[in-house]
Asks: 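Shown below is the structure under consideration.
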Amino acid sequence: MSDPANRVEPLLESARDGGVRFDGFRLERTDGAYVLETSETDRIEFDEATADDALSTVAEYVSNWWYWQRVVEGDGTARRAFLRWCERAPPIEAEANGEIADADGIDGSREADERSLPVPDRYEALRDGVDREWGQLRITTRFVDVDEPDGERVYDLWHADDAGTDLAELDVYDDPREAREIATYDDDGRYRPLNTAPTLPSGWAFTGCSGEELVEAVEFFYPATVANWHRERLETLDVDHWLETAERQTGIYDVIDELPREAVDWMAEACCVDSQCLRRREWEYEADDELAIDGGDGQFPCREPCSLVIAAARKWTILESEDERTYELELTTSEFNQLAELIDAVAEGRTDEIREADVYDGANRYRARYLRAKRFDDGSLEARTRGEQ
Amino acid sequence: MQALVIAAHGSHLNPDASDPTYAHADAVREAGAFDEVREAFWKEEPHFREVVRTLESEEVFVVPLFISEGYFTEQVIPRELRLEEWDPERWDSDGTDASQATLEATDVEKTVHYCGPVGTHDAMTDVIVSRAESVTDDPDVGEGVGLAVVGHGTERNENSAKAIEYHADRIRGRDRFEEVKALFMDEEPEVDDVTDYFESDDVVVVPLFVADGYHTQEDIPEDMGLTDDFREGWEIPAIVDGVRLWYAGAVGTEELMADVILERAADAGADVGDSIETGREAAESAGDDGTDPNAGAGAGD
């Protein structure tokens, strides 16, 4: 960051060159004088000779202008919109209109409690750090220099579960590329093929990142989420619904558009709910045919079925092409209920939590082994198909 | 601003499949020629479908980390990138000549230079030879030594074999190795009978695959008779039918691959400055530390 004193001339130059209207701060050049106005101060006029004094009365607005217009830059980019969201700045649409926030701020967010902060409130908040959550990530935006903020922000990034953990207990990284490795395995060491699954391991932190580094790391954790969130805020998110996505496929996935309509509901319930993926599903069966399952509350949207859903859909399409049959088999009431308990335990990913000796749980390993010993013949459930001998 | 996208297969099942993609992307990042570098995948994220919108650059060079011109490079990648005007004719290739096509993606206001796959670039020939040098630990390897370039091959697409034969022909033309053959997994001549095709006592076997995985770390070693069980590993060299076989592992893990990616982008008009040379020097000095050429495993599922 430059010496604050060196920001006056570039700012005056911008004022002469079309004027500055930014984040509750206006500076224009009219009839040989500069006219300054902010959302909390009255309009004042000054000339070159008194510029330093005049601008020092609104130092926060000046350093804020410098940080966004000369450090972050990237007008209209998702990166800039995201960094502004991180510190609860008014969204870019408001910024572009040159609106001056009133005391309540400009509320352009989805949630009422996400009220944006005008510059003075934001500067106060940035001394302590402004926290945001993005999926399982927690992002803190803060001033580099807390005592005498010069406008420069840095960003800390860690797992939301580590919000109360001392930094000394975390593995601290500074290269955003390390995020790729962290995101590859879950806490049990298993591969995470879906970046937005709610299984991101904790115990790490990136500290003191630049805005660019922060966005790079976030994009390694949750690829393309920032771009699609940004498009959604601009109301330009291009959603591809199930049927058009399925019909686009070729090769071994050519068959998936034959998946029955009701099976697509079951598939979304299996794969796309918040417990399985942190993206908020915005795609439906077709634009005018919504799925029965809620899309979830995720911060960032899911704009089309992902590759995991496509691959699983192929399997379900093949399975759904089979005819249903009626089976006859002998089970006690408890054994019948135990089948449901077993399916439920696997579906909820609960099998690891069932204690070795907890034979009261139908999905306990000994209980399952007992049922297999009793009811299996030659590797599968002993049953007759009705109508066949 | 200009961006580079490395388009690779990736895997839902194997976390190592994307390792070479990340390694090459990092090498390109360090070379510094591009304002932005992204990995993109068919089976991982960011998906081909959503990668271009993550870029701020107006000019995007997409290099497929695939071996041949075929289903993925001609159909899947251009479709998923939304290159509506794409037609394989735009490459004007007979199977190994694709250079690039300049197109617009319909979801972004950017120019996309869609490049041919790394596997058919001329620079790939050097990577294969370099692989032979590193596995034998002999910078002058060639005299009295046979070289087998091994590809997947498939009866379904003749271009798959063409890419392998193309490099085998080029290496043969250099008169460096005693004999050079193109061998395949799924078509004749088959890699299973590797020793039948050579008269030399030493044969270097270089699989032209993007990543190590099932084919290069399980199938081919067992099929060639390097080992009865891939889990027990194999010797380098291993003696099969009285021939010493030097098995190199997937060529795609070679550090020089980053140069091939840069060459592809440069051919398409990217300004890469002197980063190809810089990258080569870095790769050479990194190669001196005895990096295991068989390191890394995994392939697409």
Side-chain angles (χ1 to χ4, degrees), chain A residues 73-80 175-181 183-186 189-197 212 215-216 218-231 236-238 240 245 248-254 279 301-312, chain B residues 1 5 9-19 21-23 25-30 35-58 70-72 74-82 84 105-110 156-157 298 300-301:
Chain A
E73 301 184 307
D75 254 341
T77 61
R79 167 177 59 89
R80 180 184 176 94
D175 184 342
R177 286 181 245 164
E178 307 272 10
R180 281 188 315 221
E181 191 66 25
T184 302
Y185 301 94
D186 67 14
R190 290 184 310 180
Y191 178 41
R192 298 175 68 244
L194 178 66
N195 286 67
T196 45
E212 215 160 303
V215 175
E216 202 182 343
V218 168
E219 282 281 290
F220 278 132
F221 282 116
Y222 297 139
T225 54
V226 173
N228 284 327
W229 164 88
H230 180 52
R231 281 178 177 241
T236 59
L237 184 68
D238 46 346
D240 288 349
T245 305
R248 191 178 84 225
Q249 306 302 317
T250 53
I252 62 169
Y253 300 114
D254 190 37
R279 269 190 276 238
C302 173
R303 47 161 302 284
E304 73 172 48
C306 69
S307 73
L308 273 163
V309 165
I310 297 296
Chain B
M1 284 175 78
V5 172
H9 192 285
S11 168
H12 289 154
L13 301 174
N14 185 341
D16 304 322
S18 48
D19 285 352
T21 314
Y22 289 141
D26 286 348
V28 174
R29 284 185 177 101
E30 268 142 39
D35 301 290
E36 298 170 288
V37 178
R38 290 276 188 286
E39 306 86 340
F41 303 95
W42 172 233
K43 295 284 192 175
E44 296 179 35
E45 297 165 81
H47 194 271
F48 299 148
R49 193 85 180 145
E50 301 193 335
V51 66
V52 179
R53 65 185 55 202
T54 71
L55 299 165
E56 292 181 15
S57 306
E58 316 76 47
Y71 176 60
F72 279 100
E74 291 181 350
Q75 285 191 51
V76 175
I77 299 173
R79 179 190 76 212
E80 297 295 295
L81 289 173
R82 298 173 176 83
E84 223 159 63
T106 56
D107 61 327
V108 287
E109 284 168 14
K110 297 179 193 297
R156 288 174 297 159
N157 184 344
D301 52 354

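Chain A is the first sequence line, chain B the second, and so forth, proteins listed ahead of strands; every chain is numbered from 1.
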Asks: To the nearest 0.5 Å, what is the distance between CZ (R82(B)) and CZ (R248(A))?
Replies: 7.0 Å
Asks: Within a reach of under 6.0 Å around CZ of R177(A), are more than 12 heavy atoms found that belong to other residues, nucleotides or ligands?
Replies: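 Count over threshold, so yes.
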Asks: Between E50(B) (side chain) and A224(A) (backbone), is there a donor-acceptor pair under 3.5 Å?
Replies: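 Such a contact is absent between E50(B) side chain and A224(A) backbone.
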Asks: Can you tell me how far apart NZ (K43(B)) and SG (C306(A)) are? Round to the nearest 0.5 Å.
Replies: 10.5 Å
Asks: As an exercise, state the distance from OG1 of T54(B) to CZ of R79(A), rounded to the nearest 0.5 Å.
Replies: 12.5 Å
Asks: To the nearest 0.5 angstrom, please state how far the CZ atom of R49(B) sits from the CG atom of D238(A).
Replies: 8.0 Å
Asks: Name the region of F220(A), side chain, backbone, both or neither, that has any atom closer than 4.5 Å to a heavy atom of chain B.
Replies: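 Just its side chain gets close to chain B.
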Asks: Do you know which of R38(B), E30(B), H47(B) has the most heavy-atom pairs with chain A at a distance under 4.5 angstrom?
Replies: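 If we count pairs closer than 4.5 Å to chain A, E30(B) comes out on top.
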Asks: List for me each residue that meets ring-ring contact (aromatic ring centres under 6.0 Å, His included) alongside F48(B), sequence neighbours excluded, and say none if there are none.
Replies: none
Asks: Using side chain to side chain contact (heavy atoms under 4.5 Å, CB included), reason through H12(B) and S307(A) one step at a time and then give a plain yes or no.
Replies: CA-CA 9 Å; H12(B) 289 154; S307(A) 73; 2.8 Å; yes
Asks: Evaluate the criterion side chain to side chain contact (heavy atoms under 4.5 Å, CB included) for residue pair L194(A) and E45(B); output intermediate values, then yes/no.
Replies: CA-CA 8 Å; L194(A) 178 66; E45(B) 297 165 81; 3.8 Å; yes
Asks: Heavy-atom distance under 4.5 Å to chain B: side chain of T250(A), backbone, both or neither?
Replies: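 Contact with chain B: backbone and side chain both.
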Asks: Taking every heavy-atom pair that is under 4.5 Å apart, which of V226(A), D240(A), T184(A) has the most such pairs with chain B?
Replies: D240(A)
Asks: Report, as yes or no, whether the 6.0 Å neighbourhood of atom CD on E178(A) holds more than 12 heavy atoms from other residues, nucleotides or ligands.
Replies: yes
Asks: Inspect the surroundings of CD in E73(A) and state if more than 12 heavy atoms from other residues, nucleotides or ligands are less than 6.0 Å away.
Replies: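 Count over threshold, so yes.
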Asks: Enter the distance from R80(A):CZ to E56(B):CD here, rounded to the nearest 0.5 Å.
Replies: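 If I round to the nearest 0.5 Å, the distance is 11.0 Å.
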Asks: F221(A) versus chain B, heavy atoms under 4.5 Å apart: side chain, backbone, both or neither?
Replies: neither
Asks: Give the minimum heavy-atom separation between P46(B) and P223(A), together with the two atoms involved.
Replies: N-CB, 3.4 Å
Asks: With only heavy atoms counted, which part of R53(B) is less than 4.5 Å from chain A, the side chain, the backbone, both or neither?
Replies: both
Asks: Return yes if a side-chain donor-acceptor contact under 3.5 Å exists between R180(A) and S18(B), otherwise no.
Replies: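 Side chains of R180(A) and S18(B): no pair found under 3.5 Å.
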Asks: Is it the side chain or the backbone of Y22(B) that comes within 4.5 Å of chain A heavy atoms, both, or neither?
Replies: both
Asks: Drop me the distance from Y191(A)'s OH to N14(B)'s CG, to the nearest 0.5 angstrom.
Replies: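 Between Y191(A) OH and N14(B) CG, I get 7.5 Å after rounding to 0.5 Å.
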Asks: Looking at E181(A), I want to see if its CD is surrounded by more than 12 non-hydrogen atoms of other residues, nucleotides or ligands under 6.0 Å.
Replies: no
Asks: Non-hydrogen atoms of chain A under 4.5 Å away: do they reach the side chain of E36(B), the backbone, both or neither?
Replies: neither
